[in-house]
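Just below is one structure, and these are the notes that go with it.
The structure displayed is predicted, hence computed values, not measured ones. First listed ligand is number 1; within each ligand, the first listed atom is number 1.
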Amino acid sequence: MDSWSPDSWRTRPAQQQPRYADPAALDAVVDRLRGLPPLVTAAEVEELKAELALAAGGGRFLLQAGDCAEPFGACGAVTVRRKLRFLLELGDVLARGTGRPVVPVGRIAGQFAKPRTTDTERVGDVELPVYRGDNVNRADATWEARQPDPALLEQGYWHAARAMDALRTHAASERRPLFSSHEALLLPFEEAMTRPAGEDGRAYGLGAHFLWLGDRTRHLEGAHVEFLRGIANPIGIKVGPRCAPEELVALVRLLDPRREPGRITLITRYGKDAIRGFLPLHVRALRAAGLEALWCCDPMHGNTRLVRGRKTRHFDDVMEELRTAFALHAEEGSRLGGIHLELTDDAVTECLGGPEGLDAGDLDRRYETACDPRLNAAQGLELASDLSRMLHREQPPCLAAQLPRGTGTYPRPE
Ligand code: PEP
Ligand code: CO
């Protein structure tokens with residue numbers, strides 16, 4: 001196999017990268033980032049990998065959730081603590097059903113960059129470059145705000161550092177582990193956060209514990225796959241209906257050459273109908289190739305639709321994809337080991353349906369996301385308790401008896 005280095009991705013086509021007016025300014029920022037301390041440690045990353053290995057075997061359940069696009073303004077201690085409290089509350093609801101400890105991973109402390117389907121969007125009479133996350137440009141609907149600015153990448157580091165501090169403080173006070181994650185999208189940033197660590201000096205992406213490969217950037221020959229194959233972190237692969245089974249197998253082989261337990265999480269996001277056609281084929285292809293991974297359901301990204309000009313998702317569609325994922329894994333003799341959600345504890349009105357029965361007329365009332373629509377607190381809790389019931393029914397009695405029930409807590413290794 002070709003040799004890998006933190007910058008070997010530069011020889012490959014990189015999709016979804018901002019086009020900066022001044023590339024030298026980007027280089028200067030990346031140089032400075034290289035000299036700054038990492039945001040997480042390799043030991044924490046390894047701890048998460050071990051937890052995910054347990055989840056793949058049925059001994060844990062992964063709960064990965066947070067904003068679609070995390071705003072810089074949401075990185076203060078108070079906001080981060082509130083988000084983490086909600087994440088842990090949802091985790092407790094799930095743990096009651098599963099009897100398995102939940103592994104909480106936030107889309108937090110650096111989820112600042114978004115892949116987009118189009119380069120521009122129409123706002124009123126004007127065509128503007130799209131918003132690509134606070135790390136790239138600003139969401140305001142002006143031409144100036146939408147220009148990519150490399151200085152934002154450096155601000156992103158400091159905001160992520162601030163959020164990580166709050167995360168650590170909260171994890172310590174709750175006496176349980178909490179992990180950070182984001183999409184590995186902006187490769188100059190990820191490269192600058194890559195450091196050798198551990199006894200054998202393996203490269204780790206130390207900008208977050210868990211990094212994922214997006215559905216739009218998972219090309220076998222592409223720069224994102226090249227970057228991710230060389231770092232030691234646990235990584236997620238978003239898998240949608242455009243992924244052929246043989247492509248999935250090739251991706252997992254390429255990204256997990258050492259066949260490390262906990263290394264690969266497959267985050268499936270087909271949509272409530274397409275899932276029936278694709279999930280069984282993907283599960284069978286992986287098994288036939290003798291490969292293993294943690295299967296995680298993202299019931300959000302395949303169920304987005306436009307209602308009155310707003311991107312939204314219906315709670316019933318989200319639940320249907322989740323229920324179907326659960327049932328299909330069981331039919332295939334596989335296991336659903338995690339869930340990936342976009343949500344907030346705020347009472348936003350971005351997704352339809354749910355316990356409050358939100359309808360199209362409610363969308364304008366409190367629509368605050370800068371990118372995809374998030375479940376609100378009531379919808380998130382409802383989903384968690386439904387999923388908890390599904391997981392409870394799944395428990396074989398012998399396993400249920402062996403595992404501690406109802407706390408969701410587990411000691412942090414010394
Ligand atoms: C996301 O998770 O916000 C996202 C863009 O997902 P996907 O790559 O699955 O579309
Ligand atoms: Co999203």
**Prompt:** Would you call the rings of H159 and F72 parallel, tilted or perpendicular, where under 30° means parallel and over 60° means perpendicular?
**Reply:** parallel
**Item:** Geometric class of the H209/F179 ring pair [parallel <30°, tilted 30-60°, perpendicular >60°]
**Value:** perpendicular
At a 4.0 Å threshold, what atoms of ligand 1 neighbour a non-hydrogen atom of [X]?
X	value
E342	1 (C), 2 (O), 3 (O)
G214	8 (O)
C68	3 (O)

**Request:** Would you indicate whether R308, at its atom CZ, is surrounded by more than 12 heavy atoms from other residues, nucleotides or ligands within a distance under 6.0 Å?
**Result:** no
**Prompt:** Just wondering, more than 12 heavy atoms not from E221 lying within 6.0 Å of its CD?
**Reply:**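 No - once you tally the heavy atoms of other residues, nucleotides and ligands closer than 6.0 Å, there are 12 at most.
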Among all protein heavy atoms, pick out the one at the shortest distance from [atom]; state its residue, atom name and that distance to 0.1 Å.
atom	value
atom 3 (O) of ligand 1	K114 NZ, 2.7 Å
atom 6 (O) of ligand 1	K238 NZ, 2.9 Å
atom 8 (O) of ligand 1	D215 N, 2.9 Å
atom 5 (C) of ligand 1	P115 CG, 3.7 Å
atom 9 (O) of ligand 1	R269 NE, 2.6 Å
atom 4 (C) of ligand 1	H301 NE2, 3.4 Å

**Asked** So which N/O/S atom does H301 have closest to the Co ion (ligand 2)?
**Response**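 Relative to the Co ion (ligand 2), the closest nitrogen, oxygen or sulfur of H301 carries the name NE2.
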Please report whether ligand 1 has a polar contact with [X], defined as an N or O pair separated by less than 3.5 Å (distance criterion only).
X	value
R107	yes
Q111	no
D372	no

**Request:** Answer yes when R305 and D372 have at least one side-chain N-carboxylate O distance shorter than 4.0 Å, and no when they do not.
**Result:**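 D372 and R305: not salt-bridged.
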**Prompt:** Between R310 and D364, is the closest basic N to carboxylate O distance under 4.0 Å?
**Reply:** yes
**Asked** When V348 is tested against each of N376, L375, L343, L363 for side-chain contact (heavy atoms from CB on, under 4.5 Å), which residue passes?
**Response**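 Of the listed options, the one satisfying the test is N376.
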**Request:** Quick one: do R107 and H340 satisfy side chain to side chain donor-acceptor pair (under 3.5 Å)? Show the steps, please.
**Result:** CA-CA 9 Å; R107 287 174 64 114; H340 185 114; 2.8 Å; yes
**Message:** Please find the pair of heavy atoms, one from S8 and one from E226, that lie closest to each other, and give the distance.
**Reply:**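 Looking at all heavy atoms of both residues, the shortest contact is OG-OE2, 2.7 Å.
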**Asked** Do Q64 and S181 pass the side chain to side chain donor-acceptor pair (under 3.5 Å) test, and can you show the C-alpha distance, the side-chain angles, and the key distance before you say yes or no?
**Response** CA-CA 8 Å; Q64 185 172 21; S181 72; 3.0 Å; yes
**Request:** Please work out the angle at the Co ion (ligand 2) defined by atom OE2 of E342 on one side and atom OD2 of D372 on the other, rounded to 10°.
**Result:**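 Roughly 140°, rounded to 10°.
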**Item:** Whether C371 has an N, O or S atom under 2.8 Å from the Co ion (ligand 2)
**Value:**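 It does not; every qualifying atom lies at 2.8 Å or beyond.
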